[in-house]
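This report concerns only the one structure given below.
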Amino acid sequence: MAINITQDYSRFYIGSESIKSYGSGGEGLTPKDTLVKYEFNTTDEHGNKIMDPMTKEEALQAMKEISGQYGDNVLVEFSGDGLQALSQSLQNQIQKGDWKQLTQEQKADRAGKQELLDKSIVHLENTHRLVIPNIQTNARLYDSLENAPEQVVKASNGIIKNYLLPHDVSGMTETQRRDAIAFGLEEARYLAENYLDEQHGKDFLAAMETIARYGMGGTVSENGKVTYHIEQGPLVGAPDDYVSESDILKTKAPGLYKELQDLNQRIVRGESGWGRKFIELQNRINQTLNGRSGTWSQGKELTFYEEAVHNYQTWKKSVDDTELPNIYSNVDRRDITAFFDSIRHQGCLGESWLDAARERFTGWLAADIC
């Protein structure tokens, strides 16, 4: 039975896409074939306030009403700092001294709500953190930093923004740009050794090295502006041959893409009578994705979907085959002073550049080392 909608959640809707082979279903379960995303942030990307934090009642009601609009084959993803207060509120309830006074039924109810949040709320979407365009790399980076001090997260973002993926390298030679990427990786290794446990440190460095490879493939314009080709890639947990059908439609069938977006808006607004349209539209989408692309590989003409998979895998192989710069040796990571002393006369970045980098790095970690 459809749930009654009491709020207009359309302004929180950020997209919808088909999922290819997400989950096998299993006994009593329906495989997910559609992902719908909602984001509740209290500030915009510039830090301006756009909404008050949600109470636990408001957040639970929003999740209930939004999820109630979709069938079992739809995966609804919630994100944003506006929902994090709910998770923290329930955690605080569980940790309070009156926990022992609760009945087993009350304990089970609160634990169940916490489990629902852990599964449903995506905490990667943080307006104060960089978002790496590749979904899996972004997830690996922030999963590795899950329990790290906020200063380490800040330093990691600073390394990416200033050294691995800078958007302006005017005044630098290509050799200096390469050395800056190598330097950024050395700072990442410093963080891994001094702030993260072995497994998180390993995952963190794997993510940072992948980001550095993205950086190595950047294209620099005459005025020093850098552009990067970073594919979105599969969802976390999705098959390796997954690509976003919406992205294919956007370029190959823009009219069909618009129909899909319009239908998504109808669903979000809680309108009825869209079930038959959804099925009919999905059939047309499948026909388009299976159409002949004109691209051939190994003697076979690819469908539009196969072409997108082929292009992604070609891009990924190119990234994986990118050689990282090996500039620094015998780096001492005991503390910041030893670290910078050990690399000061290596590479071609110069004394003043390194002095500024040291001041920047110390500033990122200042609250943690004071």
Would you call the rings of H167 and Y228 parallel, tilted or perpendicular, where under 30° means parallel and over 60° means perpendicular? perpendicular

Measure up the W315 and Y312 rings against each other and bin them: parallel (under 30°), tilted (30 to 60°), perpendicular (over 60°). tilted

Run K316 and E231 through side chain to side chain contact (heavy atoms under 4.5 Å, CB included) and show every step you take. CA-CA 8 Å; K316 186 175 184 301; E231 295 278 356; over 6 Å; no

Run through D320, D321, T314 and flag the one making a side chain to side chain donor-acceptor pair (under 3.5 Å) with K317. D321

Can you tell me how far [atom2] of [Y] sits from [atom1] of [X], rounded to the nearest 0.5 angstrom?
X: K154; Y: L145; atom1: NZ; atom2: CG; answer: 15.0 Å
X: E186; Y: F340; atom1: CD; atom2: CZ; answer: 11.0 Å
X: N134; Y: Q232; atom1: CG; atom2: CD; answer: 8.5 Å
X: I327; Y: D179; atom1: CD1; atom2: CG; answer: 4.5 Å
X: R178; Y: N326; atom1: CZ; atom2: CG; answer: 10.0 Å
X: L141; Y: F204; atom1: CG; atom2: CZ; answer: 6.5 Å

Give a yes or no answer on whether the side chain of [X] reaches the backbone of [Y] with a donor-acceptor pair at less than 3.5 Å.
X: E301; Y: R292; result: no
X: Y257; Y: T251; result: no
X: T137; Y: P133; result: no
X: S170; Y: G224; result: no

Derivation and outcome, ring pair (Phe, Tyr, Trp, His ring centres under 6.0 Å), residues F183 and Y163: CA-CA 7 Å; F183 171 81; Y163 311 128; 5.1 Å; yes

Quick one, K252 with E307, criterion salt bridge (Lys or Arg N to Asp or Glu O under 4.0 Å). Give me CA distance, side-chain angles, the key distance, then yes/no. CA-CA 11 Å; K252 304 297 183 181; E307 179 189 46; 3.6 Å; yes

Presence of salt bridge, R358 and E351, under 4.0 angstrom: no

Go through the steps for D355 and R344 under the test salt bridge (Lys or Arg N to Asp or Glu O under 4.0 Å), then give the verdict. CA-CA 9 Å; D355 286 342; R344 185 161 294 278; 3.1 Å; yes

Mark yes when over 12 heavy atoms from residues, nucleotides or ligands other than R284 sit less than 6.0 Å from its CZ; otherwise mark no. yes

Can you confirm whether more than 12 heavy atoms, excluding those of E359, are under 6.0 Å from its CD atom? no

Do you know the tightest heavy-atom contact between [X] and [Y]?
X: L185; Y: M208; value: CD2-O, 3.8 Å
X: T175; Y: C348; value: CG2-SG, 3.6 Å
X: S342; Y: Q346; value: O-NE2, 2.8 Å
X: V226; Y: R177; value: CG1-NH1, 4.4 Å
X: I159; Y: A188; value: CD1-N, 3.8 Å

Following the transitive rule for hydrophobic clusters with a side-chain heavy-atom cut-off under 4.5 Å over Ile, Leu, Val, Met, Phe, Trp and Tyr, establish whether L302 and L249 coincide in one cluster. no

